[in-house]
Amino acid sequence: MTSTPVTVTVTGAAGQIGYALLFRIASGQLLGPDVPVRLRLLEIPQAVKAAEGTAMELEDCAFPLLAGIDITDDLKTAFDGANVALLVGARPRTKGMERGDLLEANGGIFKPQGEAINAHAAEDVRVLVVGNPANTNALIARSHAPDVPADRFTAMTRLDHNRALAQLSKKAGVPVSAIKKMTIWGNHSATQYPDIFHAEINGRGAAEVVDDQAWLENDFIPTVAKRGAAIIEARGASSAASAAGAAIDHVHTWVNGTAEGDWTSMAVVSDGSYGVPEGLVSSFPVTCSGGRWEIVQGLEIDDFSRGRIDASVAELAEERDAVRGLGLI
Ligand code: NAD
Ligand code: LMR
């Protein structure tokens with residue numbers, strides 16, 4: 001076992017994703033079975049007590065890897081020495097709120113968090129934004145952390161990736177483990193594009209195995225893209241355990257690497273690859289190795305895929321322009 005604990009900061013720790021996430025981090029599933037962790041839980045003052053309750057339960061699990069828990073409503077304390085920052089807490093859209101109101105309310109959260117990460121986090125900090133609108137919240141946080149390399153700011157599309165794997169596995173009648181090279185492009189929103197044209201099922205092209213364009217267009221893509229709304233409709237609350245599971249997967253893959261012959265989906269700061277304007281936080285196929293991600297290059301994008309990628313990227317550009325207009329970046 002390595003001796004120095006890794007500091008993992010979780011914002012919105014008293015929320016539903018926090019409750020599904022913290023126990024898995026403390027049990028070693030985020031970073032590995034040999035890595036001790038120190039948890040820093042950030043909440044708003046009204047929810048600190050609830051976070052304290054969760055911390056009591058964490059303590060009661062007697063996790064051998066859990067080296068300590070700090071609970072705070074102070075940004076400096078929360079991000080001081082953070083090696084991993086999971087930005088989950090966000091302002092949900094409530095009745096009567098326009099998209100601009102939502103972006104502005106979240107700007108009020110992610111701007112100071114970006115500044116605090118810049119000033120206080122560890123040099124190797126890795127940030128995953130889960131709170132919605134995740135891509136643009138990551139853009140805001142990143143633009144207020146000029147001293148942190150841009151590649152350390154990511155947003156979560158791993159849940160969409162996992163949803164796409166599950167739908168394709170059902171359609172093809174194969175286990176999820178038979179599928180490789182799934183891709184989510186663009187925004188974590190209904191415009192996202194889950195792309196099976198580069199995916200493989202037991203080594204064969206997935207689109208060819210399935211051979212059903214009508215299913216792809218009318219079933220697969222909308223089911224994956226609107227799954228978040230379908231969960232809210234069914235559960236009366238947004239996805240929590242699956243979102244926490246995807247956050248665990250995202251960081252675990254980032255730190256420990258993608259498997260040979262496979263890749264994953266992460267929303268990362270674009271370098272202009274595949275025509276996605278530089279600086280937008282957009283989902284790409286990525287491989288990870290040695291704690292770094294790299295966008296998979298050289299994939300052929302046909303007209304069908306191009307149109308869908310462009311539509312989602314156009315939405316991201318609109319969100320960027322809106323937060324720029326609000327003075328948030
Ligand atoms: P929740 O409302 O149950 O919990 C959010 C928590 O964040 C609350 O405890 C709240 O007090 C806290 N919070 C609010 N502002 C904060 C701030 N400034 N600092 C620290 N904490 C703050 O919500 P949830 O179900 O846990 O979801 C959290 C976010 O994740 C939402 O924005 C949701 O839309 C998003 N989400 C994203 C994905 C994805 O795939 N990217 C999937 C599911 C949910
Ligand atoms: C999800 O994909 O489940 C969530 O992003 C939905 C939401 O709006 O919280």
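Indexing begins at 1, ligand by ligand and atom by atom, following the structure's order. When reading the values below, keep in mind they use all heavy atoms of this one structure, side chains included, and skip hydrogens, waters and symmetry mates.
- Taking only nitrogen or oxygen atoms, main chain and side chain alike, Asn132 reaches within less than 3.5 Å of ligand 2.
- No donor-acceptor pair closer than 3.5 Å links the side chain of Tyr19 to the backbone N or O of Ala240.
- Heavy-atom proximity to Ser239, at under 4.0 Å, picks out these atoms of ligand 2: 1 (C), 3 (O).
- Under a 3.5 Å cut-off, the side chain of Asn106 and the backbone N or O of Leu102 do form a donor-acceptor pair.
- Ligand 2 lies within reach of Arg163, whose nearest heavy atom is under 4.0 Å from it.
- Of the listed residues (Gly131, Gly228, Ala90), the one carrying the non-hydrogen atom nearest atom 6 (C) of ligand 2 is Gly228.
- Side-chain contact annotation: Ser312 with Trp185, donor-acceptor N/O pair under 3.5 Å absent.
- Shown here for Thr7 and Gly81, the closest heavy-atom pair between the two residues is CB-O, 3.6 Å.
- Listed by chain and number, the residues in a salt bridge (Lys or Arg N to Asp or Glu O under 4.0 Å) with Lys181 are Glu200 (sequence neighbours excluded).
- The closest approach between a heavy atom of Arg227 and any atom of ligand 2 is not below 4.0 Å.
- Looking at every heavy atom in both residues, Ala225 comes nearest to Ala190 through CB-O, 3.5 Å.
- Residue-ligand proximity: Ile231 is placed with every non-hydrogen atom at 4.0 Å or more from ligand 2.
- The nearest non-hydrogen atom to atom 4 (C) of ligand 2, considering only Gln192, Lys226, His188, Arg235, comes from His188.
- Within ligand 2, the atoms closer than 4.0 Å to a non-hydrogen atom of Ser238 are 9 (O), numbered from 1 in the order shown.
- For the atom pair CG (Asn132) and CE (Met156), the distance works out to 8.5 Å, reported to the nearest 0.5 Å.
- Protein residues with a heavy atom closer than 4.0 Å to ligand 1 are Gly12, Ala14, Gly15, Gln16, Ile17, Leu42, Glu43, Ile44, Ala47, Val88, Gly89, Ala90, Ile109, Gln113, Val130, Gly131, Asn132, Met156, Leu159, His188, Ser238, Ser239, Ala243, listed by chain and number.
- A donor and an acceptor atom, one from each side chain of Glu315 and Ser189, are located under 3.5 Å apart.
- The heavy-atom pair separating Ala78 from Thr9 by the smallest distance is O-OG1, 2.7 Å.
- In Arg227, the CZ atom is not crowded: 12 or fewer heavy atoms of neighbouring residues, nucleotides or ligands sit closer than 6.0 Å.
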